[in-house]
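Data first, discussion second: the structure below is written as structure tokens.
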Amino acid sequence: MDVDRRSIITNLFDINALKIGTFKLKSGELSEYYLDLRVIVSYPKILKQICSLVSTTILQDEANTKNQVHLCGVPYTALPIATVVSIDTNLPMLIRRKEQKTYGTKKLIEGEYSCGDDVIVIEDIITSGASILETVTDLEKSNLNVSKIIVLVDRQQGGMQRLSERGLKIKSLFNITEIVTILREEGKLSNAVYQCVYNYVINNQIQPAKEFEKPLRTKLGFKERAELLETSKIAQRIFKISLEKKSNLCVALDVDTADKLLDIAEKVAPHICILKTHIDAINGVTDATINNLQLLAKQYNFLIMEDRKMADIGNTVKLQYKKLVHWADIVTVHSVSGGMMLKGIQEVINENAESLDSRGVFIVAELSCNGNLISEQYIKETVKIAEEYKDIMAGLVCQSHDVISSPSLLQLTPGVNIKNANDNLGQQYQSPSDIILTKGADIAVVGRGIYQDDNPAEAAKVYKESLWNTYLERVSNS
Ligand SMILES: O=c1ccn([C@@H]2O[C@H](COP(=O)(O)O)[C@@H](O)[C@H]2O)c(=O)[nH]1
């Protein structure tokens, strides 16, 4: 241990930041000691000493980061720390409001940022990790990417592990065992007090809290999920192809001509489980284009999904769907007009059940674009509709891991790009591992990241391997 770290620990003890005795924690649990880092604002030299350790840690790690990085202190104790570190490192700061404003901008996060920017969260102490998670959740809701969490002191009760299991990178500068060990060596704590704190840590490991529980859907593998009684035939088809091809990649071929569609489709075909089209946006599409696409789908074992996002009254959606059911294995629908449009689709599927392979829908619960109008209530109602029409439901198009709990439904998540963080029309991108681990996607949609690449076949292979390996990691860590 170098002198600075040791002196920080003794200085903290000298200003009474470590209190021995019985204290009630935020969770209501009793603790045999209490760390009160709020006092450091009264000791500028110690505040400076601690902040320079945080700054050095950040600058070492962030040397090669290309993304814009912000700092955000968990309110309130870490706010002055984040401010000093921001000045030291020249990294801009964001402030998370504890309560969202009901007037003016109604902002949850104050400060200037762009969607997809990285944020380093700074916190004074971690016990269960629940407070940190509140800040992380609000930052993620604002489409920021929490790239790292730095905590001054880990109470070693399991919080660090829980946040890592949630896919977050977290580092602590000190832990409580190290602190009491140094203080005992320095003659500031007796053996008895040292032993008391040590025993407390051993005997007070926190049990998994609800906010840390991963939904069963993300813990189970595709094979087990395909075998569930409730899983629809269309979802079973997707699971089966994914397992056979070791691919959870859906490519979105939003190209401008039918020739390009077929050309790139053939190149990426070996690596995908679903090929997604906006066929009404492509020039020169004929029956022959559709036939050729279907031939490729058979030859290379993938499904075709027309991303039409239908949203009209039941009767109109039924008429529209009749034009798609013959070639599109899956279509997308918005839930805005309620369950009746799914009834229309269900009727068409049942009428064609004998002549066609199983068909179904993905229903849109959330959108990946900045400024969309979808609310929490809309998402909840969408999930209810999906449950009601489970027999034709492949799953939901959404952006958060906690929208779908049922393992029989698939989460399809667009907005994946390895090279870009956004486009200039509101699209927001995440990396493959963020999409699968943090956002909870089962199938990821990649469009421009593949079809605009100089070598779409190679790009599709790279995305496929990265997405599939992350899915395997998710299941094996559960
Ligand atoms: O919330 C949504 C729903 C659908 N999409 C569609 O996915 C692709 C994404 O393409 P990129 O080129 O990778 O941005 C596109 O077809 C969208 O219509 C979405 O992006 N977000």
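The structure presented is a predicted model; accordingly, all values stated were derived computationally and were not measured. Below, each value reflects all heavy atoms present in this structure, side chains not excepted, and no hydrogens, waters or symmetry copies. Ligands are counted one by one from 1 in listed order, and the atoms in each one are counted from 1 as well.
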Charged N-O contact under 4.0 Å between [X] and [Y]:
{"X": "K309", "Y": "D307", "result": "yes"}
{"X": "E387", "Y": "K384", "result": "no"}
{"X": "D434", "Y": "K439", "result": "no"}

* Asked: For R448, is at least one N or O under 3.5 Å away from an N or O on ligand 1?
  -> yes
* Asked: Looking only at distance, does G447 have an N or O less than 3.5 Å from an N or O of ligand 1?
  -> yes
Report the nearest protein non-hydrogen atom to [atom]: residue, atom name, distance rounded to 0.1 Å.
{"atom": "atom 15 (C) of ligand 1", "answer": "D254 OD2, 3.2 Å"}
{"atom": "atom 4 (C) of ligand 1", "answer": "K309 NZ, 3.3 Å"}
{"atom": "atom 18 (O) of ligand 1", "answer": "H278 NE2, 2.8 Å"}

* Is the closest heavy atom of N417 to ligand 1 under 4.0 Å? -> no
* Report yes or no: does a heavy atom of Q452 sit under 4.0 Å from some atom of ligand 1? => no
* **Residue pair S408, T231: steps toward the side chain to side chain donor-acceptor pair (under 3.5 Å) verdict** => CA-CA 5 Å; S408 58; T231 305; 4.6 Å; no
Please state which part of [X] comes within less than 4.0 Å of ligand 1, counting heavy atoms only: side chain, backbone, both or neither.
{"X": "T332", "result": "neither"}
{"X": "L367", "result": "both"}
{"X": "S368", "result": "both"}

Are side-chain heavy atoms of [X] and [Y] found at a separation under 4.5 Å?
{"X": "C398", "Y": "I379", "value": "no"}
{"X": "Y429", "Y": "S368", "value": "no"}
{"X": "L409", "Y": "L396", "value": "yes"}
{"X": "E244", "Y": "C273", "value": "no"}

Numbered atoms of ligand 1 (with element) below 4.0 Å of [X], judged on heavy atoms:
{"X": "A252", "answer": "8 (C), 16 (O)"}
{"X": "D307", "answer": "4 (C), 6 (C), 18 (O)"}
{"X": "Y429", "answer": "11 (P), 12 (O), 13 (O), 14 (O)"}

* **Reported NZ-to-CD1 distance for the pair K246 and I241, which is rounded to 0.5 angstrom** => 14.5 Å
* To do: Quick one: pull up CG in L91 and OG1 in T89 and give me the separation to the nearest 0.5 Å.
  => 3.5 Å
* Return the option from K276, Q427, E366 holding the heavy atom at the smallest distance from atom 6 (C) of ligand 1. =>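 When every heavy atom of K276, Q427, E366 is considered, K276 comes closest to atom 6 (C) of ligand 1.
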* Asked: When you measure from atom 7 (O) of ligand 1 to each heavy atom in C398, G449, P414, which option holds the nearest one?
  -> P414
